[in-house]
Amino acid sequence: SGAAADDPLLFRHRFQHHDAATDSLLYYQYEAKRHPNVVVLTDMAESCEASDGEGGDGVTNIKVATSVPMNMTNGTIIVGDVNCTFREADGTSSPWRSTLRERVLSSSIAASAADSQLVNLRTVHAALNEIFQHAQLELFQGRPHAFDAARDKRLASLANNGGYDDKYGFASADAVIADAKKDALARRRLADAARPQKQKSSPQNTSSSNRRELYHTSCLFGGEDDFSMTLYGEPCNDGDRPGPGMEDRTCFWKTEDKIALKAGNEYTLRWKSNTNERVEIFVQESDGGWGSTHCADLSPTAWIPNQKYTGPIASSPNKFTFTLPDLREHGCADDGWFGGFPEFIFRIQTQSKCHGGKWGIFRFISDWSDEIGPGPVTVRPSPSVVSFGNQYSGASLTCNDCSMTGSADVHVLIRVDQYSPFAESWSWADSTLEANVDLTARASGNVDQSFRPVSVLPCVTDPAQLFCPICIPPICLPVEFAGIGVSVGVLVDLKLSSRVKINVEADLKYRRSVKAVGTFGLHTRGSSILFADASDFEQRPDAEGAVSSPSEAMARLSLSAYARVGVHPSLYVGLFASLSEFAAAEVYFRVSASLYVSAAFDFKTAVGTTSLLAGRTDSYCETALFGCSNTCSADHDTQLSVSVALRLNAAYKLYAKAGWELWTASIGDRNEKPVFVDLDWTKTLVTWCWFLFPPSPPPSPPPPPPPPPPRNDNFDGGYGGSYGGGG
């Protein structure tokens, strides 16, 4: 992303990558021209420290040391990667911003020399439109055949609203796809050619006298850096842009005064020495004033031969050829305190540690193995239990599996003209979203409580917020926009909500998956909304669930319980920039789905009296997905109903603000604007009814006495004999 040769204020950059395994394309291109008062501090700032300033919230004092004197007066905008620290009032410091974007309110020079300058600045955060005279950024990520379709949709929207003359002339979709496939093929061929090669190293004597572990002496008076050492190789990039040549096994990537060495590549070190002692060579991480950390030995088992030589280093007999190890496998390669890219040096020292030297600084790169393109991204929080209450009443919500899986073809284009932050913005996605919920909710006691949606994902952009969308590759990319960090693409959020009304123990277990497929997007020009829509969404439920209910009996009992849980996944497509008290920039379209499952339990019974639930009507049971149990048609004492609901809502936001002290100007609205989406689906799944305690029937009256036998003087002997025998 270097400056144009004909105009140092103009930046141009294009990147494309095609993954043949998934047939996915990643394309990113921008052109941006800075205002003359914008100063880029990247590679010129030697140190940066910030502290709270006077004059209201958002005012910051910044102390910057630069390698060259620079004019930073009132109104200057400073930008760039400088890794500032923040100094608290008690003197403690902590990491602050890795990328600056500040407007100078006032400045004073604390110290100045021919090759350095220390400046005290009073600043506020600057907006994007304060930096660029004009700019255009375009991002596409997804299936290659969808790239032209996405661009055609934008052009159709412009044609319906007066048209637009594209002055930037960005690469055509066919050219982008062809270049991406050509570069990918070249990289594969070079990688295949390099793969069979083995690590080379200088011949070494590995006899017992040369083994590293047998030598235990050290220098008595401390070591000296009296060796001169140089790395030999050729740059494998053309200017400031990488190319297929990066796969060459013996080259490094050089940008200005920094080089980057690649894991698995072979390099050669040569050095001059004033001793014949054998040596060791290893990698150290360099942290400037924080010291250096020992990292990877390049010859871990044997000392390296060395002879005294003080002639030209290019013809020195002391040389060592090695394969650079993967420094990510070593603890010193994280540089986690201040972030950014770790930097390393090569260190050489003799067995006695009395002599040595170093070479560097270099950065480390390796092959990018992350999958990109339209492959799915999955957000799956770890199982968790949320509980509340006391010994008298309480509830718990267990999320066994609350996950969201999605994929999308994403197209984003942003234009800035003069001080209009969004002269045009286009955000479009063809997405597939699947939400899964496997929940267990239990409650006891007397409670009626509602819980607003709670995000289960950390808010990495602003920890002070309760929840916010996060940027998860591959469907969203944190990119640098002419030295400014922004997030573009599809951002995700996942929230849980619940409501409980109970005066009895209740247990609900439910499992469901809902899939939605469709497109959504937002097109703006200035403050006008040209296009904002979500269409073709189709929900495909696939549900199964099981609910159990408690059984209790008392002399007289009337119990009821109602529980509802919700899962709310959201997708945001657009651009998010840093926010502050004085500057903000957000343009996006949001689609949110809400899946609810609820259960109602009623129980009525009595001993010695009648207290029952009325039977359900035929029309009610016919509308339930699985109907009602047979007992529901008549009075009963126990009833459990389960229902589900799916709702979809959409909104967009176009908002930008800039100002300082008492002056503020803004465009758009800081609040979201809803978009009507007709999807509100509610269904009763099933109702079960039982008669657990039917009333006992009243005791039967005693049978009447038998009637007296009839009188009959002419009875036959058989009857009389029988009667007499019984008498």
J.: Applying side chain to side chain donor-acceptor pair (under 3.5 Å), can you list everything that pairs with E46, at least two apart in sequence or on another chain?
T.: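 E46 satisfies side chain to side chain donor-acceptor pair (under 3.5 Å) with no residue once adjacent residues are dropped.
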J.: Taking side-chain contact (heavy atoms from CB on, under 4.5 Å) as the test, write out the residues that go with Q29, two or more places apart.
T.: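 R14, Y27, F170, A171.
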J.: With sequence neighbours left out, what residues match S273 under side chain to side chain donor-acceptor pair (under 3.5 Å)?
T.: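 Only N306 meet the side chain to side chain donor-acceptor pair (under 3.5 Å) criterion with S273.
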J.: For a quick check under 3.5 Å, do D430 and H411 share a side-chain donor-acceptor pair by atom type?
T.: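 Distance-only check fails for D430 and H411.
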J.: Quick one, S93 with T85, criterion side chain to side chain donor-acceptor pair (under 3.5 Å). Give me CA distance, side-chain angles, the key distance, then yes/no.
T.: CA-CA 6 Å; S93 62; T85 59; 5.5 Å; no
J.: For K63, look at atom NZ and say whether over 12 heavy atoms of other residues, nucleotides or ligands are found less than 6.0 Å away.
T.: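 Check fails, neighbour count at 12 or below.
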J.: Do the non-hydrogen side-chain atoms of Q136 and E31 ever get within less than 4.5 Å of each other?
T.: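 Not touching, per the 4.5 Å side-chain cut-off.
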J.: Looking only at non-hydrogen atoms, find the nearest pair between S228 and I313 and report the distance.
T.: O-CD1, 3.5 Å
J.: Could you list the residues that satisfy side-chain contact (heavy atoms from CB on, under 4.5 Å) with S316, not counting sequence neighbours?
T.: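 By the side-chain contact (heavy atoms from CB on, under 4.5 Å) rule, S316 matches Y309, N318.
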J.: Please test H145 against D23 for side chain to side chain donor-acceptor pair (under 3.5 Å), starting from the C-alpha separation and ending with a verdict.
T.: CA-CA 10 Å; H145 69 269; D23 190 27; 5.5 Å; no
J.: Side chains of H355 and E277: do they bring a donor and an acceptor to under 3.5 Å?
T.: no
J.: Under the side chain to side chain donor-acceptor pair (under 3.5 Å) rule, collect the residues that match up with T350, sequence neighbours excluded.
T.: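 Scan of T350 (side chain to side chain donor-acceptor pair (under 3.5 Å), adjacent residues dropped) gives S352.
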J.: When the aromatic ring centroids of F322 and F346 are compared, is their separation below 6.0 Å?
T.: yes
J.: Quick one: sort the F344 and F364 rings into parallel, tilted or perpendicular, breaks at 30° and 60°.
T.: perpendicular
J.: When you compare the side chain of Y232 with that of K319, does any pair of heavy atoms fall below 4.5 Å?
T.: no
J.: Look at D225 together with R347 and state whether they make a salt bridge at an N to O cut-off of under 4.0 Å.
T.: yes
J.: What's the shortest heavy-atom distance between I259 and I361, and which atoms?
T.: CG1-O, 4.4 Å
J.: Could you report the tightest heavy-atom contact between P325 and L298, atom names first, then the distance?
T.: CD-CD2, 3.9 Å
J.: Between Y588 and V412, is there a side-chain heavy-atom distance shorter than 4.5 Å?
T.: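 SC-SC contact between V412 and Y588 ruled out.
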J.: At their closest point, which heavy atom of W359 faces which heavy atom of T230, and how far apart are they?
T.: CD1-CA, 3.7 Å
J.: Nearest heavy-atom pair of K308 and N276: which atoms, and what distance?
T.: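 Closest approach of K308 to N276: N-OD1, 2.6 Å.
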J.: K33: which residues meet the side chain to side chain donor-acceptor pair (under 3.5 Å) condition with it, sequence neighbours left out?
T.: D7
J.: So do K358 and Q284 actually touch side chain to side chain, heavy atoms under 4.5 Å?
T.: no
J.: If every non-hydrogen atom of Y267 is compared with every non-hydrogen atom of C251, which pair is closest and at what distance?
T.: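 Smallest heavy-atom distance, with atoms named: OH-O, 2.9 Å.
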J.: Do W271 and I348 come within less than 4.5 Å of each other through their side chains, counting heavy atoms only?
T.: yes
